[in-house]
Amino acid sequence: MIRIEYEHESVLNLTDTDLNLNLLEISLKHGINHVHACGGNARCSTCRVLVSDGLEQCEPRNAKEN
């Protein structure tokens with residue numbers, strides 16, 4: 001099971017339908033306020049996150065993220 005904990009917010013246990021979404025999309029789908037000034041198109045830095053545990057479970061950064 002994949003679990004996302006938001007600092008000062010909710011805890012999400014992801015479903016199979018969440019696995020094809022990125023973290024911004026998952027946050028918004030579940031009603032978590034996640035700032036994204038450019039719409040999640042890697043043109044600003046407002047939707048950045050800090051992974052404090054489980055980094056080994058994340059995919060490598062893509063070209064936009066770099």
Side-chain angles (χ1 to χ4, degrees):
M1 176 189 315
I2 297 175
R3 174 182 164 115
I4 299 173
E5 296 183 28
Y6 293 84
E7 189 174 272
H8 310 296
E9 290 274 348
S10 308
V11 174
L12 297 177
N13 292 309
L14 302 187
T15 64
D16 289 341
T17 59
D18 292 322
L19 299 180
N20 293 323
L21 304 175
N22 63 44
L23 186 55
L24 174 60
E25 292 166 334
I26 291 168
S27 300
L28 298 176
K29 174 184 171 187
H30 291 279
I32 305 294
N33 185 21
H34 193 140
V35 178
H36 56 291
C38 73
N41 292 305
R43 290 190 209 120
C44 68
S45 60
T46 59
C47 65
R48 285 187 183 185
V49 298
L50 171 66
V51 177
S52 60
D53 186 33
L55 184 61
E56 67 280 357
Q57 301 298 319
C58 295
E59 294 182 12
R61 291 181 184 175
N62 63 34
K64 284 184 178 181
E65 292 169 332
N66 281 325

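Below, all heavy atoms of this structure are taken into account, side chains as well, without hydrogens, waters or symmetry copies.
Two different hydrophobic clusters hold Val35 and Leu24 under the rule that ILVMFWY side chains link at heavy-atom gaps under 4.5 Å. A continuous path of hydrophobic side-chain contacts links Leu21 to Ile4 [ILVMFWY only; heavy atoms under 4.5 Å]. One hydrophobic cluster holds both Leu14 and Val49 under the rule that ILVMFWY side chains link at heavy-atom gaps under 4.5 Å.
Atom CG of Leu12 is separated from atom CD1 of Ile26 by 8.0 Å, given to the nearest 0.5 angstrom. In this structure, CG in Leu23 is found 8.5 Å from SG in Cys47, a value given to the nearest 0.5 Å. Between the CD1 atom in Ile2 and the CD atom in Gln57 there is a gap of 7.5 Å [rounded to 0.5 Å]. With rounding to the nearest 0.5 Å, the separation of NE2 in His36 from CG in Asn41 is 9.5 Å. Note that the NE2 atom of His30 and the OG1 atom of Thr15 stand 5.5 Å from one another [nearest 0.5 Å].
Counting heavy atoms from C-beta outward, Asp53 and Glu5 have side chains that stay 4.5 Å or more apart.
More than 12 heavy atoms of other residues, nucleotides or ligands sit less than 6.0 Å from atom CG of Asn62. Other residues, nucleotides and ligands place more than 12 heavy atoms under 6.0 Å from the CG atom of Asn13.
For the residue pair Ile32 and Ser10, the shortest heavy atom distance occurs at CD1-OG, 3.5 Å.
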Working for side-chain contact (heavy atoms from CB on, under 4.5 Å), residues Thr17 and Lys29: CA-CA 11 Å; Thr17 59; Lys29 174 184 171 187; 3.2 Å; yes
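When atom types are taken as modelled, the side chain of Ser27 and the backbone of His34 share no donor-acceptor pair closer than 3.5 angstrom.
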